[in-house]
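Data block below; observations after.
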Amino acid sequence: MLSPVDTIKILENHPDRTFPAGEIIFADGTEGELMYGILSGEVEMYIKGQLIETLEKGDVFGAGALLHPDKLRESTAIAKTDCKLAYLNQPQFLFAVQETPMFAIEVLRSYSDRFRKLKKIFAGEA
């Protein structure tokens, strides 16, 4: 079974994007046109200036902006280390979901795993 990042890599028609450490990948409140999968490096996610989580190789992020009509980002993503990211735009994302249902399931699983982890952190269990 392919991970979401592997699926993105197969389906994309663009080269990888690289972000040096400290570069903003996207900012809260801006319109989002892409979702990302981490091929290498780490990405920090912030909400209202507070670090919420650090994502690693294999994680996907940014899909929410492709799903909502306003396309607005609800968080800020910053490269913690030098990163190489695969990415999909909305038509590519919708194609991947339609043609590869396991892609959709794995993206949902990734987000669910992250939500569970955050819930434990906020409950003081981690």
Side-chain angles (χ1 to χ4, degrees):
M1 174 175 11
L2 292 176
S3 73
V5 173
D6 292 333
T7 303
I8 290 171
K9 189 69 185 143
I10 289 168
L11 295 173
E12 72 179 26
N13 294 322
H14 306 284
D16 303 329
R17 292 183 76 173
T18 57
F19 294 86
E23 185 171 339
I24 295 172
I25 299 164
F26 58 74
D28 179 26
T30 60
E31 281 193 21
E33 299 293 331
L34 302 172
M35 74 164 290
Y36 298 92
I38 303 174
L39 299 172
S40 66
E42 295 181 324
V43 173
E44 293 180 326
M45 301 300 294
Y46 291 84
I47 296 177
K48 297 184 180 184
Q50 180 180 357
L51 176 63
I52 299 300
E53 62 181 332
T54 301
L55 305 178
E56 301 173 339
K57 180 180 177 177
D59 286 327
V60 293
F61 62 100
L66 303 181
L67 299 172
H68 294 279
D70 64 10
K71 296 187 177 188
L72 293 180
R73 299 285 189 194
E74 294 293 329
S75 59
T76 297
I78 300 175
K80 178 179 181 181
T81 63
D82 292 346
C83 295
K84 183 190 286 189
L85 306 178
Y87 59 95
L88 291 177
N89 62 26
Q90 188 180 43
Q92 293 166 325
F93 172 77
L94 295 174
F95 178 81
V97 168
Q98 181 178 355
E99 297 298 318
T100 315
M102 286 308 296
F103 169 76
I105 290 169
E106 290 301 318
V107 168
L108 287 169
R109 186 184 334 256
S110 172
Y111 276 88
S112 177
D113 288 347
R114 289 170 47 204
F115 180 76
R116 287 179 176 199
K117 182 176 155 187
L118 288 172
K119 186 176 175 184
K120 286 181 181 179
I121 289 169
F122 284 109
E125 298 175 18

Report task. Look up atom OG1 in T100 and atom CD1 in I105, then write down how far apart they are to the nearest 0.5 Å. Result -> 11.0 Å
Report task. Please report the closest heavy-atom contact between P20 and A79, naming both atoms and the distance. Result -> O-CB, 3.4 Å
Requested in this report: Sequence neighbours left out, what passes side chain to side chain contact (heavy atoms under 4.5 Å, CB included) with L51? Give chain and number order.
Outcome: E44, Y46, T54
**Report entry** Summary of salt bridge (Lys or Arg N to Asp or Glu O under 4.0 Å) pairs that have at least one residue in residues 76-91, sequence neighbours excluded
**Finding:** D16-K84, E42-K80
Report task. Drop me the distance from C83's SG to Y36's OH, to the nearest 0.5 angstrom. Result -> 11.5 Å
Query raised in the report: At their closest point, which heavy atom of T81 faces which heavy atom of G41, and how far apart are they?
Result: OG1-CA, 3.2 Å
Query raised in the report: Considering all heavy atoms of both residues, which atom of R17 and which atom of Y87 are nearest to each other, and what is their separation?
Result: CG-CE2, 3.1 Å
Query raised in the report: Are M45 and V107 grouped together when hydrophobic residues (ILVMFWY) are joined by side-chain heavy atoms under 4.5 angstrom apart?
Result: yes
Query raised in the report: Residues two or more places apart in sequence or in another chain: which of them pass salt bridge (Lys or Arg N to Asp or Glu O under 4.0 Å) with E56?
Result: none
Query - Joint hydrophobic cluster, L66 plus L72, side-chain heavy atoms closer than 4.5 Å - result: no
Query raised in the report: Does some side-chain heavy atom of E74 sit less than 4.5 Å from a side-chain heavy atom of H68?
Result: no
Query raised in the report: Is the count of non-hydrogen atoms from other residues, nucleotides or ligands lying under 6.0 Å from Q98 atom CD greater than 12?
Result: no
Expected list for residues 23-31: side-chain donor-acceptor pairs under 3.5 angstrom, two or more places apart:
unit_1 : atom_1 : unit_2 : atom_2 : d
T30    : OG1    : A27    : O      : 2.5

Query raised in the report: Should L94 and V97 be regarded as members of a common hydrophobic cluster, given that ILVMFWY residues are connected when their side-chain heavy atoms come within less than 4.5 Å of each other, either directly or indirectly?
Result: yes
Query - D59 side, atom CG; L39 side, atom CG - distance, nearest 0.5 Å - result: 11.5 Å
Query raised in the report: Going through the distances and angles, do F93 and L67 end up as a side chain to side chain contact (heavy atoms under 4.5 Å, CB included)?
Result: CA-CA 10 Å; F93 172 77; L67 299 172; 3.5 Å; yes
Query - Pairing residues for F19 by the ring-ring contact (aromatic ring centres under 6.0 Å, His included) criterion, not counting sequence neighbours - result: none
Query raised in the report: Does any N or O in the side chain of R73 come within less than 3.5 Å of the main-chain N or O of G62, such that one atom is a donor and the other an acceptor?
Result: yes
Query raised in the report: Are N89 and E33 close enough, and set up right, to give a side chain to side chain contact (heavy atoms under 4.5 Å, CB included), and what steps lead you there?
Result: CA-CA 6 Å; N89 62 26; E33 299 293 331; 5.7 Å; no
Requested in this report: Determine, step by step, whether I78 and V43 satisfy the side chain to side chain contact (heavy atoms under 4.5 Å, CB included) criterion, reporting the C-alpha distance in whole Å, the side-chain angles of both residues, the deciding distance to 0.1 Å, and the verdict.
Outcome: CA-CA 6 Å; I78 300 175; V43 173; over 6 Å; no
Query raised in the report: Between atom CZ of F61 and atom CG of L34, what is the distance when rounded to the nearest 0.5 Å?
Result: 10.0 Å
Requested in this report: For E53, enumerate each residue passing the salt bridge (Lys or Arg N to Asp or Glu O under 4.0 Å) test, keeping only those at least two apart in sequence or located in another chain.
Outcome: R114
